[in-house]
*Asks:* 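Can you keep this structure in mind? I'll have questions shortly.
Note: hydrogens, waters and symmetry copies are ignored here, and every other heavy atom, side chains too, is used.
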Amino acid sequence: DVDREVRHWETEVTKAVDTPIGELSFEEYFVQRWYQDPVKSVRFAGIEQAEPEPGDIEAIMAATVVLTASAGTFPGLAEALKAVPVVVEERPLLSFGPPLDWGPLDAALDRLSGFRTVAFTSRRAAGAFLTRMQARGRSWSDGEDMPAVWAVGPATAAELGGMLGPVRVPSRPDTSGAGAAENLARSMIQEAVSGPVLFPCGDVRRDELPTELRHRGIEVHEVVCYRSVLADEAQARTAAATGTVLVVASPSVADLLARACPRATRPELLAVGPTTAASARAAGWSPAAVANEPTIRALSSAILALLAKPLT
């Protein structure tokens, strides 16, 4: 619950957002309305009678949220957080480039009809695959017997822009904590998907999907469609040093931060997804919170909850 009383204050203080449809609580604005309404102002109801402890207001105003994901990973998140009196810094610790060799992907594009299914576990892979296909003058309608397309979630499916025809996604979100890729594999197995499955991916990726499918005897053909470029440890320390909350969306970034940052100087870490959370714990930095979905709503709610934690 984002809309909460502030401990130590003698009068309850609640945060309200003034919008064209009227005044909304933070919970209504972020969770129920999905931050879709323009914000005119933010009001703290009851603040006139409140008597905060020394340092309470300064602590809120001084909070800094550091986003370590690559540019464009969470479009709209920084804007959504502008209604909160915190600083948002974007310090990407992971960037992306083309693969060192386009050959394997190009070969797969030349024989798409030989695959029964194409599976995407990230928006990045979906976008890179589509861009390369278009660059080579190919279209999904070039072949009569084109493979079925599966995506890990709605955002990844949307990245394809309808250019690959209908895209199937898991009918139910994962509730076991296994991770989105494993959930996708299990959904494909339940729907009796057959191979060979084309799996466009990055040069650094998790193996849950191909492992699950191969365990069921389904052939998987992996092709690299983008390359990950990780920041160095000095850049990781600089990013962590400026933050109150550090938002981490990649297992490799979680591992980098754990290696680079002394325990005594670590801020609160918000992991995006159970896979990143598991990697952070394995590296020795337990997340203060986990956003189970990579949506603006889930991230905003988790960030606000962490910022309010010292005051609750």
Side-chain angles (χ1 to χ4, degrees), residues 69-76 90 92 94-171 180-185 187-189 191-214 218-231 249-250 252 294-295:
S70 59
T73 300
F74 302 118
E90 298 189 60
L94 187 66
S95 59
F96 301 95
L100 297 178
D101 180 10
W102 284 112
L105 177 57
D106 289 347
L109 289 170
D110 289 338
R111 58 183 185 92
L112 282 173
S113 60
F115 297 99
R116 300 298 300 275
T117 308
V118 181
F120 297 99
T121 58
S122 72
R123 290 173 53 201
R124 185 77 52 188
F129 180 90
L130 183 62
T131 299
R132 185 61 178 176
M133 186 183 77
Q134 294 172 331
R136 299 190 71 247
R138 297 294 305 274
S139 68
W140 204 246
S141 59
D142 283 348
E144 296 180 358
D145 187 22
M146 300 304 284
V149 181
W150 281 78
V152 72
T156 299
E159 190 73 23
L160 295 169
M163 301 299 292
L164 272 60
V167 181
R168 298 195 62 178
V169 298
S171 57
E182 189 170 343
N183 186 47
L184 172 60
S187 297
M188 293 170 65
I189 291 168
E191 294 297 323
V193 165
S194 58
V197 174
L198 179 62
F199 176 40
C201 55
D203 61 332
V204 179
R205 74 278 186 182
R206 307 282 295 188
D207 293 327
E208 286 89 345
L209 182 132
T211 298
E212 282 283 326
L213 295 181
R214 286 170 180 152
I218 301 173
E219 180 184 351
V220 181
H221 183 67
E222 301 174 50
V223 289
V224 173
C225 58
Y226 67 91
R227 179 171 49 92
S228 301
V229 182
L230 196 62
S250 162
S252 58
T295 62

*Asks:* Is there side-chain contact between Arg227 and Leu100, with at least one heavy-atom pair below 4.5 Å?
*Replies:* yes
*Asks:* Side-chain polar contacts of residues 149-167 - donor-acceptor pairs under 3.5 angstrom, sequence neighbours left out - could you list them?
*Replies:*
unit_1 : atom_1 : unit_2 : atom_2 : d
Thr156 : OG1    : Arg123 : N      : 3.4
Glu159 : OE1    : Arg123 : NE     : 3.4

*Asks:* Give the C-alpha distance, both sets of side-chain angles, the deciding distance and a yes or no for side chain to side chain contact (heavy atoms under 4.5 Å, CB included) between Arg205 and Glu222.
*Replies:* CA-CA 11 Å; Arg205 74 278 186 182; Glu222 301 174 50; 2.5 Å; yes
*Asks:* How many angstroms lie between OG in Ser122 and OH in Tyr226, if you round to the nearest 0.5 Å?
*Replies:* 4.0 Å
*Asks:* Pair Met188, Val197 - check side chain to side chain contact (heavy atoms under 4.5 Å, CB included), show working.
*Replies:* CA-CA 10 Å; Met188 293 170 65; Val197 174; 4.3 Å; yes
*Asks:* To the nearest 0.5 Å, what is the distance between CZ (Phe129) and CG (Leu198)?
*Replies:* 5.5 Å
*Asks:* Run the numbers on Leu184 and Leu209 for side chain to side chain contact (heavy atoms under 4.5 Å, CB included), then give the verdict.
*Replies:* CA-CA 7 Å; Leu184 172 60; Leu209 182 132; 3.5 Å; yes
*Asks:* Step through the shown structure and confirm whether more than 12 heavy atoms of other residues, nucleotides or ligands are within 6.0 Å of CZ on Arg214.
*Replies:* yes
*Asks:* Check Glu212 against Ala185 and note the closest heavy-atom contact, atom names and distance.
*Replies:* CB-CB, 3.6 Å
*Asks:* Can you check whether Thr121 reaches Arg206 side chain to side chain, under 4.5 Å on heavy atoms?
*Replies:* no
*Asks:* What is the minimum heavy-atom distance between Phe74 and Ala249, and which atoms define it?
*Replies:* CZ-CB, 3.7 Å
*Asks:* Quick check: closest heavy atoms across Trp140 and Val118, and the distance to 0.1 Å?
*Replies:* CH2-CG2, 4.0 Å
*Asks:* Any idea which heavy atoms bring Pro104 and Val223 closest together, and the distance?
*Replies:* O-CG1, 3.7 Å
*Asks:* Assess whether side chain to side chain contact (heavy atoms under 4.5 Å, CB included) is satisfied between Asn183 and Glu208, documenting all intermediate values.
*Replies:* CA-CA 9 Å; Asn183 186 47; Glu208 286 89 345; over 6 Å; no
*Asks:* Less than 4.5 Å apart, side chain to side chain, heavy atoms only: is that true for Phe120 and Leu130?
*Replies:* no
*Asks:* Counting C-beta onward and ignoring hydrogens, is there a side-chain heavy-atom pair between Arg116 and Ser194 closer than 4.5 Å?
*Replies:* yes
*Asks:* Rounded to the nearest 0.5 Å, how far does OG1 of Thr117 lie from CD of Glu191?
*Replies:* 11.5 Å
*Asks:* Give the minimum heavy-atom separation between Phe199 and Ala119, together with the two atoms involved.
*Replies:* CD1-O, 3.4 Å
*Asks:* How about Phe96 and Val229: do any of their side-chain heavy atoms sit closer than 4.5 Å?
*Replies:* no
*Asks:* Quick one: which of Pro200, Cys225, Cys201, Ser70 gives a side chain to side chain contact (heavy atoms under 4.5 Å, CB included) with Arg124?
*Replies:* Ser70
*Asks:* Between atom OG of Ser139 and atom CD of Gln134, what is the distance when rounded to the nearest 0.5 Å?
*Replies:* 9.5 Å
*Asks:* How close do Ser228 and Leu94 get, counting heavy atoms only, and between which atoms?
*Replies:* CB-CD1, 4.0 Å
*Asks:* Using a 6.0 Å cut-off, check whether atom CD of Glu90 has over 12 heavy atoms from anything other than its own residue.
*Replies:* no
*Asks:* Between atom CD of Glu182 and atom CG of Asp207, what is the distance when rounded to the nearest 0.5 Å?
*Replies:* 12.0 Å
*Asks:* When you compare the side chain of Asp101 with that of Val224, does any pair of heavy atoms fall below 4.5 Å?
*Replies:* no
